[in-house]
Amino acid sequence: MTDVLAPARLGPVRLRNRIIKAATFEGATPDALVTDRLIEFHRRPARGGVGMTTVAYCAVSPDGRTDRHQIWMRDEAVPGLRRLTDAVHAEGAAVSAQIGHAGPVANAASNRLPALAPGRFPNPLGMRMTRAATVDDLSRVVRAHASAARLAIESGFDAVEIHFGHNYLVSSFLSPKLNRRKDSYGGSLANRARLALEIARAVRDAVGDRIAVTAKLNMDDGVPGGFWLDESVQVAQWLEAEGAVDALELTAGSSLLNPMYLFTGDAPLREFAAAFPPPMSWGIRASGGAFLKSYPFQEAYLLDRARQFRAALDLPLILLGGITRLETMELAMAEGFAFVAMARALLREPDLPSRLRSGARSLCVHCNKCMPTIYRGTRCVLT
Ligand SMILES: Cc1cc2nc3c(=O)[nH]c(=O)nc-3n(C[C@H](O)[C@H](O)[C@H](O)COP(=O)(O)O)c2cc1C
């Protein structure tokens, strides 16, 4: 059986094992540039034994950030990113840059730029209306992904992960609920998936086989009328046919409409509301139960859905979602997944991978109180 702790190939890159640190926005880039704190954030899981860590989030343009404190890929960011990738490599791990455009999840007020979306609708984070993207906007976004991927190579990254999930821009185009366009980017699934495929192709053309390309794709949005498995499997098959990605990481949920669906576990309503100034905090508290719905946590809670992709594709797949134990990783390997990705368990214990073989158990309790810390420096509140 495939050993999750043995070296593996991800496209052109060799990883020392099959455990990937999933993207968790670090809240460590106040000037939208790399800081020592961001480097330390990634050095820890690298030293702790992951095969690859993922820097989140590297927006492809200033309006593609969820807020103005996030890095966007530009020449000025390269020297800092180079220091970061050197630090991770020195620990023996590889490093991926999550690139993407936040679309309707962008905070327009913070960015001082409109949030792009398939159409015009309220953007709760910036308390503004989104701007319906024109075809020219979309071409600019496609080119920006290619350029971000080229900068990732220049910065020493081993991979880029394109964000196709969580109702960020591409995921909002995939959603039949959010995308009501009448042009060639709306309507049929082929039209709603056009942006995803154009971006994947542009990124692959830009990087060739110099680095690995992965995409983090929503299997479902967790929203009535949203993007659902049957459509997502088809999009994954189109991505496979394009040969544009070396692996797919399977996720779920909507940062815009149902954030807890991403995570499962407790909904940290009080802590989340406290992360915002009034009147946002009052609004969150008032509508909290509806916005921050809690779902019971289960080990490998995305596995049932991910199996449908495993059955329909040859492409290497990365299983994500509530993976905390070596047995679960072994199960994922036995079921044909090529990698596993972990987020919260590695915030709790960045060195967990190095202790798995000796029987270590994760101390993460899925309280999700790490989630609202993204505004002040992402961390596990229990450490
Ligand atoms: C604090 C925090 C920040 C996150 N930030 C991102 C992000 O920037 N991009 C992303 O795609 N997912 C983000 N996620 C989601 C994780 O990558 C992952 O999909 C989710 O936590 C489920 O994995 P887990 O059960 O191993 O935690 C974040 C999760 C947490 C807890």
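Order of listing sets the numbers, starting from 1, for every ligand and every atom in it. Counting begins at 1 with the first residue of the sequence.
With ligand atoms numbered from 1 in the order given, ligand 1 contributes 17 (O) to contacts under 4.0 Å with heavy atoms of A22. For ligand 1, the atoms lying closer than 4.0 Å to a non-hydrogen atom of I374 are 1 (C), 3 (C). For ligand 1, the atoms sitting less than 4.0 Å from at least one non-hydrogen atom of A343 are 16 (C), 18 (C), 21 (O), 23 (O), 24 (P), 26 (O), 27 (O), numbered in the order shown with element in parentheses. Contact atoms of ligand 1 toward R344: 24 (P), 25 (O), 26 (O), 27 (O), 31 (C) (distance under 4.0 Å to a heavy atom of the residue). Counting atoms of ligand 1 from 1 in the listed order, those under 4.0 Å from a heavy atom of M342 are 26 (O). Under a 4.0 Å criterion applied to the non-hydrogen atoms of Q98, ligand 1 contributes the atoms 7 (C), 8 (O), 9 (N), 10 (C), 11 (O).
Scanning the protein heavy atoms around atom 13 (C) of ligand 1, the nearest turns out to be A23 O, 3.0 Å. Of the protein's non-hydrogen atoms, F25 N, 2.9 Å is the one closest to atom 5 (N) of ligand 1. Nearest protein neighbour of atom 23 (O) of ligand 1, counting heavy atoms only, is L320 CD1, 3.6 Å.
For the pair T29 (side chain) and H69 (backbone), a donor-acceptor distance under 3.5 Å is present. Between the side chain of S139 and the backbone N or O of V135, at least one donor-acceptor pair lies under 3.5 Å.
Using a 4.0 Å cut-off between a side-chain N of Lys or Arg and a carboxylate O of Asp or Glu, R305 and D220 qualify as a salt bridge. A salt bridge is defined here as a Lys NZ or Arg NE, NH1 or NH2 lying under 4.0 Å from an Asp or Glu carboxylate O, and R43 with D36 fails to meet this definition. Ion pairing between a basic and an acidic side chain is recognised when a charged N comes within 4.0 Å of a carboxylate O; E198 and R201 show no such pairing. Using a cut-off of 4.0 Å between Lys/Arg side-chain N and Asp/Glu carboxylate O, E242 and R204 are scored as not salt-bridged.
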Go through the steps for T54 and E161 under the test side chain to side chain donor-acceptor pair (under 3.5 Å), then give the verdict. CA-CA 8 Å; T54 307; E161 174 182 86; 5.0 Å; no

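Taking distance alone, with nitrogen or oxygen atoms compared against 3.5 Å, T378 stays at or beyond that limit from ligand 1. At a 3.5 angstrom cut-off on N or O pairs, H163 counts as close to ligand 1. Residue E161 places no N or O, backbone or side chain, under 3.5 Å from any N or O of ligand 1.
Heavy atoms of G165 come nearer than 4.0 angstrom to ligand 1 in no pair at all. For Y301, the heavy-atom gap to ligand 1 drops under 4.0 angstrom. By the 4.0 Å heavy-atom criterion, G322 is counted among the residues contacting ligand 1.
The only option from V95, I211, I153, T85 that meets the side chain to side chain contact (heavy atoms under 4.5 Å, CB included) definition with D158 turns out to be V95.
Clustering of Ile, Leu, Val, Met, Phe, Trp and Tyr side chains at separations under 4.5 Å places M52 together with L10, V13, L15, I20, I318, F339.
Here atom 2 (C) of ligand 1 lies nearest to T24 when heavy atoms of L262, T24, T373 are compared. Which of F263, Y168, Y57 comes nearest to atom 20 (C) of ligand 1 through a heavy atom is settled by distance: it is F263. Within the set K369, M371, R379, K216, the minimum heavy-atom distance to atom 12 (N) of ligand 1 is found for K216.
Screening residues 356-383 for ring pair (Phe, Tyr, Trp, His ring centres under 6.0 Å), with sequence neighbours left out, gives F276-Y375, F297-H366.
Below 30°, between 30° and 60°, or above 60°: for Y168 and Y57 the angle between ring planes is above 60°, a perpendicular geometry.
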